[in-house]
Amino acid sequence: MTTFQVEQTYSNYINGEWVKATTGETEPSINPANRKQVVGYVPTSGVEDLNQAVAAAKAAAKDWRRLTGAERGNYLFQAANVLERRADEVAEAMTREMGKTLPEAKGETMRGVAILRYYAGEGMRKTGDVIPSTDSEALMFTTRVPLGVVGVIAPWNFPVAIPIWKTAPALIYGNTVVLKPAQETAVTAAKIMECFEEAGIPAGVLNLVCGRGSVIGNALAEHPDVGGITFTGSNEVGKRVGAAALARGAKYQLEMGGKNPIIIAADADLDLAVEATISGGLKSTGQKCTATSKVIIERKVYDVFKEKLLSQIQEIRLGDGMASGSWMGPCANEGQLNTVLSYIQKGQDEGAVLLAGGKRPDDPGLAEGFYVQPTVFEGVESHMSIAREEIFGPVLALMPVDSLEEAIEVANDTDYGLSASIYTQNVGAMLSFIRDMDAGLVRINAETAGVELQAPFGGMKMSSSHSREQGQAAIEFFTAIKTVFVKS
Ligand SMILES: NC(=O)C1=CN([C@@H]2O[C@H](COP(=O)(O)OP(=O)(O)OC[C@H]3O[C@@H](n4cnc5c(N)ncnc54)[C@H](OP(=O)(O)O)[C@@H]3O)[C@@H](O)[C@H]2O)C=CC1
Ligand SMILES: O=C(O)CCC(=O)C(=O)O
């Protein structure tokens with residue numbers, strides 16, 4: 001039984017206190033399933049609030065980094081336990097704020113719990129290597145030190161998992177954190193912060209500042225006391241954040257968009273391939289950077305695959321993510337809905353053929369939400385916008401090919417390189433795909449989405465700044481290596 005209450009007013013969390021924004025302003029966070037429902041009121045902070053948070057994080061950094069990894073890990077274990085206990089409430093906040101279905105939100109929240117436990121354990125693992133010196137009387141080894149204050153700029157599509165997979169490694173490796181969540185999901189972010197507060201995290205170690213990205217996110221990226229910035233979101237903003245960090249010599253890490261292909265080889269199990277295409281492309285209303293977007297099918301099985309896909313897509317039930325029968329919720333906000341509709345229009349204008357969906361649902365019960373039908377195009381060519389640009393919506397582009405070689409060429413014909421999948425039973429085809437596909441995640445007989453917290457995550461080409469998040473890869477961003485040479 002959840003205890004989530006709508007229409008509460010939330011504050012920033014700075015130096016261990018819940019404080020109102022110095023601007024005195026808040027704005028409503030509305031429910032994308034019904035624009036008339038206010039989920040909560042969240043602060044619209046100014047740069048002064050951000051400065052206070054960075055100052056608190058800077059002041060807390062000295063004591064925090066001096067704790068042992070095991071001591072820092074204990075705080076993360078505690079936060080995991082609290083989040084687990086409050087999972088229903090947090091998941092409900094997420095569903096009401098950004099629309100994904102409650103089972104998906106619950107799954108994501110439990111993933112947050114698992115991430116916290118994983119990084120809590122990292123506090124006990126090695127942080128360096130002994131390297132033989134050319135001097136026989138010396139000891140040479142590496143150790144790792146934190147960056148200091150880390151700024152986390154998070155998006156709305158995974159409002160629990162992404163802030164936690166950035167914050168937890170930042171903290172375990174000895175950094176203090178200022179989190180700027182997407183304003184769209186600031187209520188969910190406040191819930192996460194409540195869990196850390198209940199876990200007893202020391203004042204200033206983790207701070208939350210809500211407000212516009214152009215104000216708070218920008219000031220965080222430019223702040224001289226922030227040693228590292230980790231960002232997930234659009235390419236446009238990511239590039240700006242990276243440039244701001246680079247200009248002042250801070251470390252940065254950017255995870256941005258994707259244009260993820262699935263290849264259906266002629267020997268694929270078509271039922272499983274259809275299932276993966278639907279799940280990878282349409283779950284969370286297609287709002288994942290790993291979402292399937294280009295569906296590249298060997299011509300021999302094109303018609304059969306298409307019929308199976310279309311018949312299953314007709315069964316998808318759109319609805320409020322809080323309702324038990326809903327399979328797909330609304331887009332997270334009106335801007336996102338308009339983006340998706342404009343890509344659907346562009347697809348038609350550029351000559352693709354609409355096979356399913358393509359508009360808002362007719363059901364009057366959904367009229368106040370930002371819903372769009374699951375949409376399928378065929379006749380899609382690589383030069384078209386819907387084959388090149390990230391849509392971040394439930395839109396699939398079917399592209400027939402004559403061979404596996406052509407399939408990989410079409411799959412690679414994009415500026416992005418985040419995730420890619422193939423359905424085949426042929427080991428040779430699998431190996432060619434693993435070798436030739438330019439993507440940070442290559443998945444065989446599995447959908448493009450679905451990241452495992454203990455494995456490195458990140459993309460090639462325009463999808464990321466070429467660094468990796470999650471798993472043990474996180475240590476590379478959140479620490480700096482010191483090479484130590486000791487001689488008596
Ligand atoms: N996981 C991913 O790869 C994601 C990709 N996207 C892509 O981005 C598109 C637009 O989504 P949108 O939410 O606008 O993504 P943004 O890139 O605008 O937002 C991501 C984060 O950056 C913040 N931000 C916005 N402007 C600035 C700035 N000038 N400086 C620093 N931080 C800033 C946002 O704050 P605020 O929300 O308060 O503006 C949010 O916290 C989507 O259609 C999708 O294509 C979006 C989200 C996630
Ligand atoms: O597929 C996933 O589980 C993660 C996707 C993701 O990181 C994103 O959309 O930002």
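Counting starts at 1 for both ligands and their atoms, in listed order. The figures here come from the full heavy-atom set of this structure, side chains too, leaving out hydrogens, waters and symmetry mates. Just so we're clear, the structure is a prediction, and the values are computed from it rather than from any experiment.
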Taking both backbone and side-chain atoms of [X], is any N or O found less than 3.5 Å from an N or O belonging to ligand 2?
X      : answer
Gln287 : no
Arg111 : yes
Phe457 : no
Thr290 : yes
Val451 : yes
Cys289 : yes

Could you find the nearest protein heavy atom to atom 7 (O) of ligand 2 and give me its residue, atom name and distance?
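Looking at atom 7 (O) of ligand 2, the protein heavy atom closest to it is Trp165 CH2, 3.1 Å.
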
Within the structure, does at least one protein heavy atom fall under 4.0 Å of atom 16 (P) of ligand 1?
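Under 4.0 Å from atom 16 (P) of ligand 1, at least one protein heavy atom found.
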
Would you confirm whether any non-hydrogen atom of the protein falls under 4.0 Å from atom 19 (O) of ligand 1?
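Under 4.0 Å from atom 19 (O) of ligand 1, zero protein heavy atoms found.
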
Determine whether the side chains of Thr292 and Glu447 contain a donor N or O and an acceptor N or O closer than 3.5 Å.
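Looking only at side-chain atoms, Glu447 and Thr292 do not form any donor-acceptor pair under 3.5 Å.
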
What do you reckon, are the aromatic ring centroids of Trp18 and Tyr10 less than 6.0 Å apart?
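No, the ring of Trp18 stays outside the 6.0 Å limit from the ring of Tyr10, centre to centre.
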
Would you confirm whether the ring centroid of Trp165 sits within less than 6.0 angstrom of the ring centroid of Phe478?
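They do not qualify: ring centres at least 6.0 Å apart.
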
So for ligand 1, is [X] a polar contact partner (N or O within less than 3.5 Å, distance only)?
X      : value
Lys180 : yes
Gln336 : yes
Val241 : no
Arg212 : no
Met256 : yes

If the contact criterion is a heavy-atom separation under 4.0 Å, does [X] count as touching ligand 1?
X      : value
Cys210 : no
Ala221 : no
Thr339 : no
Phe231 : yes

Can you name the atoms of ligand 1, numbered from 1 with element, that are less than 4.0 Å from a heavy atom of [X]?
X      : result
Gly217 : 30 (N), 31 (C), 32 (N)
Asn218 : 30 (N), 31 (C)
Gly211 : 38 (O)

Backbone, side chain, both or neither: what part of Phe392 comes under 4.0 angstrom of ligand 2, heavy atoms only?
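The answer is neither; Phe392 stays 4.0 Å or more away.
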
Would you kindly specify which portion of Lys283 sits under 4.0 Å from ligand 2, judged on non-hydrogen atoms: side chain, backbone, both or neither?
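Contact part for Lys283 vs ligand 2: neither.
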
Relative to atom 21 (C) of ligand 1, which among Ala291, Ala182, Ala154, Pro163 owns the nearest non-hydrogen atom?
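Residue with the shortest heavy-atom distance to the ligand atom: Ala154.
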
Under-4.0 Å heavy-atom contact with ligand 1, by part of Thr232 that carries it:
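It is both parts that get close, each with some atom under 4.0 Å.
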
Please say which of Thr95, Val187, Asp88 ends up in a side chain to side chain contact (heavy atoms under 4.5 Å, CB included) with Phe4.
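Only one of Thr95, Val187, Asp88 forms a side chain to side chain contact (heavy atoms under 4.5 Å, CB included) with Phe4, namely Val187.
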
Could you walk me through whether Lys308 and Glu275 satisfy the salt bridge (Lys or Arg N to Asp or Glu O under 4.0 Å) test, starting with their C-alpha distance in whole Å, then the side-chain angles of each, then the deciding distance to 0.1 Å, before giving a yes or no?
CA-CA 10 Å; Lys308 282 178 185 277; Glu275 207 180 290; over 6 Å; no

